[in-house]
Asks: 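Sharing a structure here in structure tokens format.
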Amino acid sequence: MKMRVINLIKRAAAVLLLAPALTLAADVSVKLDKAPVSTDQAALQHGAKLFVNYCLNCHGASYVRYNQLENIGLSEQMIKDNLLFTGEKVGDLMKISMTRNDAKTWFGAAPPDLSVIARSRASGDGSGADWLYTYLRQFYRDSERPTGWNNVIFENVGMPHVLWELQGEQVAKVSDDGHGGKHVELSLAKPGKLSVEEYDKAVADLVSFLVWMGEPVAEKRKAIGTVVLIFLAGFFVLAYALKKNYWKDIH
């Protein structure tokens with residue numbers, strides 16, 4: 001009986017701790033932008049470059065090997081020269097050296113593996129690609145956060161804005177959305193190395209690469225599926241013709 005009471009108290013405490021965060025998330029009105037996902041090899045190669053340079057320091061992709069990038073048009077030598085910097089081998093998984101314990105100490109939580117992030121972020125609001133495309137363009141300066149950054153669709157996020165040198169610095173203006181929630185409007189206070197259009201294109205390439213990582217054989221699967229459907233359609237025609245020929249004398 002005593003243990004049941006203790007468990008009930010723990011559950012109630014957990015609910016109370018989570019309630020403020022859930023309330024904050026529900027108050028912000030956000031519409032996901034449609035991600036212009038591309039299967040073009042040039043876009044995927046650019047996305048791979050951005051991923052290795054800006055994401056792979058903290059986020060691993062432990063279900064993908066470097067040599068799989070040959071499927072997006074990179075040669076083994078290109079992978080060695082441009083994407084391997086700390087003694088990794090071409091056949092190695094795209095892991096990071098930071099341990100989960102160190103990550104929890106430095107960031108409060110271990111950064112997620114990004115192998116299937118584009119699939120896991122899908123929801124009723126849009127695809128995982130839509131979420132990532134919007135998220136990476138919605139960072140803004142917030143002096144009250146430990147990293148100095150916040151995000152419109154992931155309020156109080158622990159991740160800093162690693163692409164800020166490319167995008168620049170945005171500031172937020174919060175207003176009432178007329179439905180009891182908040183509307184956050186961003187404006188560019190300090191330009192980055194890229195224009196708005198160039199940054200959006202860079203994020204689209206990065207998101208396209210993240211989508212590709214979630215299923216590197218997606219294009220091959222679709223091609224095989226098309227062939228199978230054509231075969232089944234042809235088989236149906238032949239089977240129907242055989243059925244008519246078989247039953248014509250009976251009828």
Side-chain angles (χ1 to χ4, degrees), residues 34-100 102-103 110-121 127-137 139 159-168 191-227:
K34 183 65 177 177
V37 177
S38 174
T39 58
D40 178 70
Q41 286 196 343
L44 293 175
Q45 290 171 15
H46 185 217
K49 178 182 177 181
L50 291 170
F51 177 79
V52 171
N53 281 281
Y54 291 97
C55 306
L56 198 55
N57 297 316
C58 300
H59 297 276
S62 56
Y63 297 100
V64 181
R65 296 185 185 276
Y66 286 98
N67 57 12
Q68 286 181 269
L69 302 183
E70 294 179 16
N71 294 328
I72 60 173
L74 295 176
S75 66
E76 183 175 323
Q77 194 59 48
M78 291 169 69
I79 295 172
K80 289 180 179 179
D81 293 342
N82 300 292
L83 301 178
L84 301 181
F85 306 114
T86 56
E88 306 97 331
K89 297 179 180 179
V90 175
D92 288 345
L93 293 168
M94 301 178 75
K95 292 184 175 181
I96 57 174
S97 58
M98 180 174 59
T99 66
R100 292 186 66 84
D102 286 341
D113 187 278
L114 299 183
S115 300
V116 294
I117 190 68
R119 302 177 72 176
S120 65
R121 279 292 178 181
S127 68
D130 295 341
W131 190 92
L132 291 167
Y133 181 66
T134 307
Y135 169 72
L136 291 171
R137 295 160 51 250
F139 275 95
M159 173 181 160
H161 186 18
V162 294
L163 301 174
W164 73 272
E165 289 184 323
L166 301 180
Q167 183 185 28
K193 294 179 180 179
L194 303 179
S195 67
V196 174
E197 294 76 16
E198 289 171 337
Y199 181 74
D200 287 351
K201 176 62 169 60
V203 170
D205 291 347
L206 175 56
V207 170
S208 295
F209 178 72
L210 293 173
V211 171
W212 175 84
M213 279 204 308
E215 191 179 0
V217 296
E219 291 304 306
K220 185 176 181 180
R221 171 179 60 78
K222 293 175 183 177
I224 292 174
T226 301
V227 172

Asks: If you round to the nearest 0.5 Å, how far is CG of Leu114 from CZ of Arg121?
Replies: 10.5 Å
Asks: Could you give the distance from CD (Gln45) to CG (Leu69), rounded to the nearest 0.5 Å?
Replies: 9.5 Å
Asks: Determine whether Ile224 and Arg221 make a side-chain contact, defined as any pair of heavy atoms from C-beta on separated by less than 4.5 Å.
Replies: no
Asks: My understanding is that only residues two or more places apart in sequence, or in another chain, count here; which of them pass salt bridge (Lys or Arg N to Asp or Glu O under 4.0 Å) with Lys220?
Replies: none
Asks: For residues 191-219, pull every pair meeting ring pair (Phe, Tyr, Trp, His ring centres under 6.0 Å), keeping only residues two or more places apart or in separate chains.
Replies: Phe51-Phe209, Phe209-Trp212
Asks: With a 4.5 Å cut-off on side-chain heavy atoms, are Pro36 and Tyr133 touching?
Replies: yes
Asks: Drop me the distance from Tyr63's OH to Asp113's CG, to the nearest 0.5 angstrom.
Replies: 6.5 Å
Asks: Who are the salt bridge (Lys or Arg N to Asp or Glu O under 4.0 Å) partners of Lys34, not counting sequence neighbours?
Replies: none
Asks: What's the spacing between Lys193 NZ and Leu163 CG if we round to 0.5 Å?
Replies: 11.5 Å
Asks: Carefully, step by step, assess Leu166 and Leu50 under the rule side chain to side chain contact (heavy atoms under 4.5 Å, CB included).
Replies: CA-CA 11 Å; Leu166 301 180; Leu50 291 170; 4.3 Å; yes
Asks: Tell me every residue that passes salt bridge (Lys or Arg N to Asp or Glu O under 4.0 Å) with Glu76, counting only those two or more places apart in sequence or in another chain.
Replies: Lys80
Asks: Taking atom OH of Tyr66 and atom NZ of Lys95, what is their separation to the nearest 0.5 Å?
Replies: 11.5 Å
Asks: To the nearest 0.5 Å, what is the distance between CD1 (Ile96) and SG (Cys55)?
Replies: 11.5 Å
Asks: Taking C-beta and beyond as the side chain, do Lys201 and Leu194 meet within less than 4.5 Å on heavy atoms?
Replies: no
Asks: Applying ring-ring contact (aromatic ring centres under 6.0 Å, His included), name anything that partners His46, two or more places apart in sequence or on another chain.
Replies: none
Asks: Could you check if a side-chain atom of Val162 sits within less than 4.5 angstrom of a side-chain atom of Cys58, using non-hydrogen atoms only?
Replies: no
Asks: Can you list everything that forms a salt bridge (Lys or Arg N to Asp or Glu O under 4.0 Å) with Asp200? Sequence neighbours excluded, please.
Replies: Arg137
